[in-house]
Amino acid sequence: MSLIEQAKMKAAYQAVDEHVLPSHRVIGVGSGSTVVHVVARLLQRDPELNAKTVFVPTSFQSRGLLLDGGLTVGDVEQYSEIDVTIDGADEVDSQLNAIKGGGAAHLQEKVVAEAAKKFVIVADYRKDSKVLGEQWTKGVPVEVVPFAWRAVLKKLQEQGSKDAKLRMAVAKAGPVVTDNGNFIIDAPFGLIHEPAKRLKDIKLITGVVEVGLFCNMAEIAYFGCEDGSVTIRTK
Ligand SMILES: O=C[C@H](O)[C@H](O)[C@H](O)COP(=O)(O)O
């Protein structure tokens, strides 16, 4: 296993061990490659405990992971109060603000994170920054209603993201289509010193569904380090 994969695994395992309690009945499960290790750790719990627990996924991917593991899935319509949600991130700043949506899943992720009493981030050392935009330079993922994408792109450029662009699919002609049937624009803004303001400005553009800036949401973040240790950051 590569160093990066080991780092993801250590962070994920420790977060599950410290935040998923036997008394919990509803657990939110994020998306991405780090969350694969979250689900692996959940599957190592007492099967009787898992049988009494409902897991709320945040994407087609995480739903598949949970179902493949034989776990019971639910949604926020059934379970509006979640005990804890654990999710990955593309970058986390010193205040625990995060960029998410590298896998185009941030709309459902934000809903499931907001429904949780506690939101926990797991990541490897490459995601650990002082200021957002230091390491994640692809831009802020912005989910948009398809017919409005050009209008939103223009507004994002006017807000200072000159290189904002529609995310294109890799093994399909045309744009990435999210699990919700929308498009994604990646909007680089350089260093983001005031993420909450940036979030508000982008969200006010008509046609924007959700912005991959998670501000003042995470309570704690676990970063797997290159030396095999795990760094914990709290508010
Ligand atoms: O849309 C995807 C999600 O926000 C992921 O949680 C994020 O991209 C981090 O993914 P990974 O753990 O693969 O780096």
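In what follows, residues are counted from 1 in the order of the sequence shown. Order of appearance sets the numbers: ligands from 1, and atoms from 1 within every ligand. When reading the values below, keep in mind they use all heavy atoms of this one structure, side chains included, and skip hydrogens, waters and symmetry mates.
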Asker: Mind checking whether Lys8 has a heavy atom under 4.0 Å from ligand 1?
Answerer: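 Not so, Lys8 does not reach ligand 1.
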Asker: Of Ala123, Gly103, Gly30, Pro141, which has the heavy atom at the shortest distance from atom 1 (O) of ligand 1?
Answerer: Gly103
Asker: Of the listed options (His106, Glu109, His37), which comes nearest to atom 4 (O) of ligand 1 when hydrogens are ignored and any heavy atom counts?
Answerer: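 The option holding the nearest heavy atom is Glu109.
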Asker: Which bit of Ala104 gets closer than 4.0 Å to ligand 1, counting heavy atoms only: side chain, backbone, both or neither?
Answerer: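 For Ala104, only backbone atoms sit under 4.0 Å from ligand 1.
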Asker: Evaluate whether atom CZ of Arg150 has more than 12 neighbouring non-hydrogen atoms of other residues, nucleotides or ligands under 6.0 angstrom away.
Answerer: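 Result for CZ/Arg150: open.
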Asker: Which of the numbered atoms in ligand 1 are under 4.0 angstrom from any heavy atom belonging to Asp90?
Answerer: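 Answer, ordered by atom number: 7 (C), 8 (O), 9 (C).
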Asker: Tell me whether Lys155 at atom NZ has more than 12 heavy atoms from other residues, nucleotides or ligands lying less than 6.0 Å away.
Answerer: no
Asker: Hey, is Ser31 one of the residues with a heavy atom under 4.0 angstrom from ligand 1?
Answerer: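 Per 4.0 Å heavy-atom rule, Ser31 contacts ligand 1.
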Asker: Could you tell me whether some N/O pair between Gly32 and ligand 1 is separated by less than 3.5 angstrom?
Answerer: no
Asker: Taking only heavy atoms of Lys127, which atoms of ligand 1 are found under 4.0 Å from at least one of them?
Answerer: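 In order of number, 11 (P), 14 (O).
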Asker: So, applying ring-ring contact (aromatic ring centres under 6.0 Å, His included) with His19, which one of Tyr13, Tyr222, Phe119 is it?
Answerer: Tyr222
Asker: Identify the protein heavy atom lying closest to atom 13 (O) of ligand 1, giving its residue, its atom name and the separation to 0.1 Å.
Answerer: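 Sorting protein heavy atoms by distance from atom 13 (O) of ligand 1 puts Ser33 OG, 2.5 Å first.
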Asker: Between Glu91 and Lys100, does any side-chain N to carboxylate O distance fall below 4.0 Å?
Answerer: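 Answer for the salt bridge query: no.
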Asker: If the cut-off is 4.0 Å to any non-hydrogen atom of Thr34, which atoms of ligand 1 fall inside it?
Answerer: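 That gives atoms 11 (P), 12 (O) of ligand 1.
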Asker: Cation over ring, Lys127 on Phe223, under 6.0 Å and within 45°?
Answerer: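 No, Lys127 does not lie over the aromatic ring of Phe223.
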Asker: With heavy-atom distances below 4.0 Å as the criterion, list the atoms of ligand 1 near Asp87.
Answerer: 6 (O)
Asker: Less than 4.0 Å between a side-chain N and a carboxylate O, is that true for Lys154 and Glu158?
Answerer: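 Looking at Lys154 together with Glu158, the answer is yes, because their closest N to O distance falls below 4.0 Å.
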Asker: How about Lys130: does its NZ atom have over 12 heavy atoms from other parts shown lying under 6.0 Å from it?
Answerer: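 Counting other residues, nucleotides and ligands, NZ of Lys130 stays at 12 neighbours or fewer.
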Asker: Could you check whether Asp90 pairs with Lys138 (Lys NZ or Arg NE/NH1/NH2 to Asp/Glu carboxylate O, under 4.0 Å)?
Answerer: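 No.
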Asker: Does only the side chain of Val35 get under 4.0 Å from ligand 1, or the backbone, or both, or neither? Count heavy atoms.
Answerer: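 Neither part.
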Asker: Would one find more than 12 heavy atoms of other residues, nucleotides or ligands at under 6.0 Å from atom CZ of Arg63?
Answerer: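 No, not enclosed.
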Asker: Gly88 heavy atoms, cut-off 4.0 Å: which ligand 1 atoms fall inside?
Answerer: 6 (O)
